[in-house]
Amino acid sequence: MITRYNVVLAPHTEGHPLLVKEETYPYNSDSVHSPDAVVKMLNACMGLETRAEEYAYMVAVDSACHVLGIFEVAHGTVNSALIGMREIFIRALLSGAAAIFLVHNHPGANPAPSQEDKQVCQRTKETCALMGIRLMDFIIVSRGGRYWSFMEKKML
């Protein structure tokens with residue numbers, strides 16, 4: 001089972017963020033060890049390759065790559081989504097992640113990264129280094145099961 005969480009501000013904790021379970025998906029594996037496995041999981045659970053707008057998800061994993069949770073960190077338009085470091089790392093820290101995968105979709109058929117994608121990847125990598133959390137990969141998914149892995153392309 002794979003679980004999608006959200007972060008809410010709970011009134012009884014003076015507005016401090018809390019993880020809230022939103023949905024559980026039946027999935028045949030609870031660990032991911034490759035970009036292909038992450039893409040298959042997000043396509044099966046979230047339908048990422050079929051989304052008409054850009055969505056960004058963070059997959060939090062422990063040190064053995066067992067999935068701790070999936071988090072939506074951005075939802076944008078047909079050609080952009082604002083991905084903030086705060087949104088990524090508050091979720092990573094609350095879930096106890098040792099490492100993360102950051103994944104978003106390109107609604108068209110081309111998964112090649114834009115200049116903005118490259119900048120977000122670099123900023124995420126730098127922030128991960130400061131936080132002591134490993135950035136496993138930055139992946140862009142498009143239709144037909146196609147994806148671009150910064151790790152596989154040696155850009156990470």
Side-chain angles (χ1 to χ4, degrees), residues 2-7 22-95 97-156:
I2 301 293
T3 305
R4 182 171 54 92
Y5 292 92
N6 198 356
V7 174
E22 286 204 329
E23 201 163 355
T24 302
Y25 305 93
Y27 195 69
N28 61 355
S29 177
D30 68 346
S31 63
V32 288
H33 295 281
S34 69
D36 186 59
V38 173
V39 170
K40 285 179 180 173
M41 180 185 66
L42 286 175
N43 282 336
C45 296
M46 311 307 298
L48 189 56
E49 72 180 334
T50 63
R51 299 284 179 110
E53 295 94 23
E54 283 198 14
Y55 282 80
Y57 291 96
M58 187 264 297
V59 178
V61 297
D62 65 15
S63 57
C65 287
H66 292 108
V67 177
L68 300 172
I70 298 172
F71 300 85
E72 182 181 312
V73 293
H75 174 194
T77 64
V78 71
N79 61 0
S80 70
L82 181 61
I83 300 172
M85 294 301 108
R86 180 188 182 281
E87 287 69 27
I88 294 168
F89 289 97
I90 194 167
R91 288 153 177 82
L93 292 170
L94 285 171
S95 69
I100 62 171
F101 292 87
L102 192 59
V103 186
H104 78 282
N105 68 312
H106 283 179
N110 184 3
S114 66
Q115 190 59 39
E116 291 81 12
D117 291 332
K118 293 173 186 174
Q119 291 169 349
V120 171
C121 180
Q122 182 61 35
R123 195 169 48 234
T124 305
K125 180 181 173 183
E126 292 167 358
T127 307
C128 276
L130 289 171
M131 301 298 290
I133 296 172
R134 183 174 175 205
L135 178 59
M136 299 292 288
D137 205 347
F138 188 93
I139 303 168
I140 303 168
V141 175
S142 67
R143 290 189 308 247
R146 297 177 64 210
Y147 67 89
W148 181 285
S149 161
F150 278 63
M151 187 212 37
E152 286 180 346
K153 300 287 186 181
K154 310 259 189 275
M155 297 174 68
L156 191 58

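Here the shortest heavy-atom pairing between Asp30 and Ile2 reads CA-CD1, 4.1 Å. Heavy atoms only, all atoms of each residue included: Ser142 and Gly108 are closest at CB-O, 3.2 Å. Across all non-hydrogen atoms, the minimal contact from Trp148 to Pro111 is CB-O, 3.3 Å. Nearest heavy-atom pair, Pro35 versus Tyr147, reported as atom, atom and distance to 0.1 Å: CB-CE1, 3.8 Å. Among all heavy-atom pairs drawn from Phe89 and Cys128, the shortest one is CZ-SG, 3.5 Å. Among all heavy-atom pairs drawn from Pro113 and Phe150, the shortest one is CB-CZ, 3.6 Å.
Scanning for side-chain contact (heavy atoms from CB on, under 4.5 Å) contacts around Thr24 gives Met1, Thr3, Lys21, with sequence neighbours left out. Under the salt bridge (charged side-chain N to carboxylate O under 4.0 Å, His left out) criterion, Arg123 pairs with no residue at all, not counting sequence neighbours.
Between Arg91 and Tyr5, the side chains place no donor N or O within less than 3.5 Å of an acceptor N or O (distance only, hydrogens not considered).
The main-chain N or O of Gly145 is found under 3.5 Å from a side-chain atom of Glu49 such that the two form a donor-acceptor pair. Remark: side-chain polar atoms of Arg4 are not paired, donor with acceptor, to backbone N or O of Glu72 under 3.5 angstrom. No side-chain donor-acceptor contact under 3.5 Å links Tyr57 to the backbone of Ile70. A side-chain donor-acceptor contact under 3.5 Å links Arg51 to the backbone of Met46. With hydrogens and angles disregarded, a donor-acceptor distance shorter than 3.5 Å links the side chain of Asp137 to the backbone of Met151.
Taking 4.5 Å as the limit, some side-chain heavy atom of Lys118 sits within range of a side-chain heavy atom of Met155. When side chains are defined from C-beta on, Val120 counts as touching Met85, because their heavy atoms get closer than 4.5 Å.
Put simply, OG on Ser34 and CD on Glu152 are 7.5 Å apart, with the number rounded to the nearest 0.5 Å. Atom CG of Leu68 and atom CG of Leu94 lie 12.0 Å apart (nearest 0.5 Å). The structure places OG1 of Thr124 at 11.5 Å from CD of Gln119, a figure rounded to the nearest 0.5 Å. Taken to the nearest 0.5 Å, the CG atom of Leu130 stands 12.5 Å off from the NZ atom of Lys125. Between the CD1 atom in Ile83 and the CD atom in Glu54 there is a gap of 7.5 Å [rounded to 0.5 Å].
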Please evaluate residues Met41 and Val59 with respect to the criterion side chain to side chain contact (heavy atoms under 4.5 Å, CB included), reporting the C-alpha separation (whole Å), side-chain torsions for both, the decisive distance (0.1 Å), and the verdict. CA-CA 10 Å; Met41 180 185 66; Val59 178; 3.8 Å; yes
Would Asn43 and Leu48 satisfy side chain to side chain contact (heavy atoms under 4.5 Å, CB included), going step by step from the backbone distance to the final call? CA-CA 5 Å; Asn43 282 336; Leu48 189 56; 3.6 Å; yes
Going through the checks in order, is the side chain to side chain contact (heavy atoms under 4.5 Å, CB included) test met by Met131 and Thr127? CA-CA 6 Å; Met131 301 298 290; Thr127 307; 4.1 Å; yes
List, one per line, each side-chain donor-acceptor pair under 3.5 Å for residues 98-106, sequence neighbours excluded.
unit_1 : atom_1 : unit_2 : atom_2 : d
His104 : NE2    : His106 : NE2    : 3.4
His104 : NE2    : Asp117 : OD1    : 3.1
Asn105 : OD1    : Tyr55  : N      : 2.5
Asn105 : ND2    : Glu53  : O      : 3.0
His106 : ND1    : Asn110 : O      : 3.1
His106 : NE2    : Asp117 : OD2    : 3.0

